[in-house]
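What follows is one structure encoded as structure tokens, with my remarks underneath.
Lettering follows sequence order; numbering is per chain, from 1. On a predicted model such as this, the values are computed, not experimentally measured, just so you know.
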Protein chains: 2
Amino acid sequence: MTDITNLTEMKAMLKVPLGNQIGRVHRLWRSAITAAVQSLDMTESRWTAMLHLKMLGEGATQQALAQELGIEMPSLTRTLGQLVELNMLERRPHPTDKRAHCLYFTPAGQQTLTKLIECTMQIRQALYRDLTPAAVQQLMQTLDLMERNARTLLATTSAATAVEDSL
Amino acid sequence: MTDITNLTEMKAMLKVPLGNQIGRVHRLWRSAITAAVQSLDMTESRWTAMLHLKMLGEGATQQALAQELGIEMPSLTRTLGQLVELNMLERRPHPTDKRAHCLYFTPAGQQTLTKLIECTMQIRQALYRDLTPAAVQQLMQTLDLMERNARTLLATTSAATAVEDSL
DNA sequence: CAAAAATACTTAGCAAGCTAACTAAATTAC
DNA sequence: GTAATTTAGTTAGCTTGCTAAGTATTTTTG
């Protein structure tokens, strides 16, 4: 019924730089958190790794954590090196696989983690101001769909030729 | 009426790493476009600058373009240097303000721009697959609100102490 | 079971955002 | 009208993502 409207709206949308907006929000988000946790010697990549290791559970391998974070191994290796250097984490040998390392919090890491959790929840709360749970839910769903679309597109390698209809 | 539900949902949301999801989508978006336009010697920052200059209109200053892009001047300076080097853009002196430069496309830049517009619209179309215009609209609105919340938070400088309620 | 392929991790170097600190011109203030 | 401040742009160097290429195991395969 609203097909024509949809088509018109869709065409208009294709000109809007949504990707930039997403990037901007991400940078602002990062800034807000970095400002809040810098007294803990934490940067975005560091606290992110800490929190996700907590979610995954101690003993996870670097590979598993990279997967969880959605980043590549080299990016994570660097950050973990810093966290080990800061005495937040330990790399212990994997019980059966000599290639792999398992990740554990140090006592100092545990303490920092507690503060991080509190801190990041406060920030999220501020960022969600005036947003309904439904809106946040919707945001996550839409982003998830876009993420899957992007992965599909990239998997098709020659992304440029994915769509050629005139619309 | 759904206050209790809302509160429960809200608490749950505060634990979800939405910031990471946003970052992930941004990186995937960037990858998809980079893959599509690399034959034009374009990277994300370059094509972004080109498209936004087009939107702003030729003759814009670097300051205006940085504002439009939502990035800082030094980030833009580097990218513009590359685009001038690649013979896509020209920096011309501002008619009245000797500090400022005005930006213009070269003929080669114009040609590249045309291809870029087509290319990025195709990619956006692929990324919006299975999304309704309403969902995209909602996404932009929610992101916009979060962007404003983040700016407010950052403007309060001591972001850490912004909220202290127990919740 | 030895050779080939895959996997966990690392190192090196690029991309594009940022802040801090600088110059030169314009504006404001006294 | 000069002095102080602001603004446009740059340069230098940090962060954190990436890919490419290398090592050491593990797994697969012929």
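- One atom, CZ of A:Arg46, and another, C1' of D:dT16, lie 11 Å apart when rounded to the nearest Å.
- Looking at heavy-atom distances under 4.0 Å, B:His101 makes contact with sugar-phosphate atoms alone, never a base.
- Between the SG atom of B:Cys102 and the CG atom of B:Leu89 there is a distance of 12.5 Å, given to the nearest 0.5 Å.
- Going from atom CE of A:Met55 over to atom CD1 of A:Ile117 covers 9.5 Å, rounded to the nearest 0.5 Å.
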Pairs under 3.5 angstrom, nitrogen or oxygen only, protein versus nucleotides 1-5 of chain D, please.
none

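- Among the protein residues, B:Arg91 comes within range of the sugar-phosphate backbone only, with heavy atoms under 4.0 Å from sugar or phosphate atoms but none that close to a base.
- Non-hydrogen atoms lying under 4.0 Å from DNA chain D are contributed by A:Ser75, A:Arg78, all within residues 75-89 of chain A.
- Comparing the start and finish of the helix from C:dC1-D:dG30 to C:dC30-D:dG1, five pairs each, the helix axis swings through 20°, to the nearest 10 degrees.
- Shown here are the side-chain hydrogen bond (donor to acceptor under 3.5 Å, both in side chains) partners of A:Asp97, two or more places apart in sequence or in another chain: A:Arg99.
- Around CD of A:Gln67, the count of heavy atoms belonging to other residues, nucleotides or ligands within 6.0 Å does not exceed 12.
- Positionally, the nearest nucleotide of DNA chain D for B:Ala64 lies more toward the 5' end than for the other of B:Ala64 and A:Glu44.
- Sorted by first and then second residue, the side chain to side chain donor-acceptor pair (under 3.5 Å) pairs with a member in residues 103-114 of chain A form an empty list; sequence neighbours excluded.
- Along DNA chain C, read 5' to 3', the first and last nucleotides having any atom under 4.0 Å from a heavy atom of chain A are C:dT7 to C:dC18.
- A:Arg124 pairs by the side-chain hydrogen bond (donor to acceptor under 3.5 Å, both in side chains) definition with nothing, not counting sequence neighbours.
- Between the CZ atom of B:Arg30 and the P atom of D:dT16 there is a distance of 14 Å, rounded to whole Å.
- Counting non-hydrogen atoms under 4.0 angstrom, B:Thr48 reaches nothing in the nucleic acid.
- How far CH2 of B:Trp47 is from CE of B:Met88: 16.0 Å, rounded to the nearest 0.5 Å.
- Residue order along DNA chain C, read from the 5' end via each residue's closest nucleotide, puts A:Thr61 first among A:Ser31 and A:Thr61.
- Taking B:Glu58 as the reference, nothing meets the side-chain hydrogen bond (donor to acceptor under 3.5 Å, both in side chains) condition, with sequence neighbours excluded.
- Considering B:Leu116, B:Thr120, B:Thr48 as possible partners of B:Met42, the one that fulfils the side-chain contact (heavy atoms from CB on, under 4.5 Å) test is B:Leu116.
- A distance of 10.5 Å separates CG in B:Leu80 from OG in B:Ser75, rounded to the nearest 0.5 Å.
- For the residue pair A:Ala150 and B:Leu28, the shortest heavy atom distance occurs at CB-CB, 3.7 Å.
- Between B:Arg27 and D:dT19, a side-chain N or O to OP1/OP2 separation shorter than 4.0 Å is absent.
- Nearest heavy atom pair, residue B:Leu69 against residue B:Ala49, reads CD1-CA, 4.3 Å.
- Listed pair B:Gln62 / D:dA8 fails the phosphate criterion, with no side-chain N or O lying under 4.0 Å from OP1 or OP2.
- For B:Arg92, the salt bridge (Lys or Arg N to Asp or Glu O under 4.0 Å) test picks out B:Glu90, with sequence neighbours left out.
- Pairs engaging residues 29-40 of chain B under the side chain to side chain donor-acceptor pair (under 3.5 Å) rule: B:Arg30-B:Glu44 [sequence neighbours left out].
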Taking it one step at a time, do B:Arg27 and A:Ile71 satisfy side chain to side chain contact (heavy atoms under 4.5 Å, CB included)? CA-CA 10 Å; B:Arg27 271 177 269 133; A:Ile71 65 177; 3.4 Å; yes
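- Within a heavy-atom distance below 4.0 Å of DNA chain D, the residues of residues 65-73 of chain B found are B:Met73.
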Atom pairs and distances, donor-acceptor, side-chain atoms in residues 139-148 of chain B, under 3.5 Å, two or more places apart:
| from | atom 1 | to | atom 2 | distance (Å) |
| --- | --- | --- | --- | --- |
| B:Thr142 | OG1 | B:Gln138 | O | 2.9 |
| B:Asp144 | OD2 | B:Arg148 | NE | 3.4 |
| B:Asp144 | OD2 | B:Arg148 | NH2 | 3.1 |
| B:Glu147 | OE2 | A:Arg24 | NE | 3.1 |
| B:Glu147 | OE2 | B:Arg151 | NH2 | 2.9 |

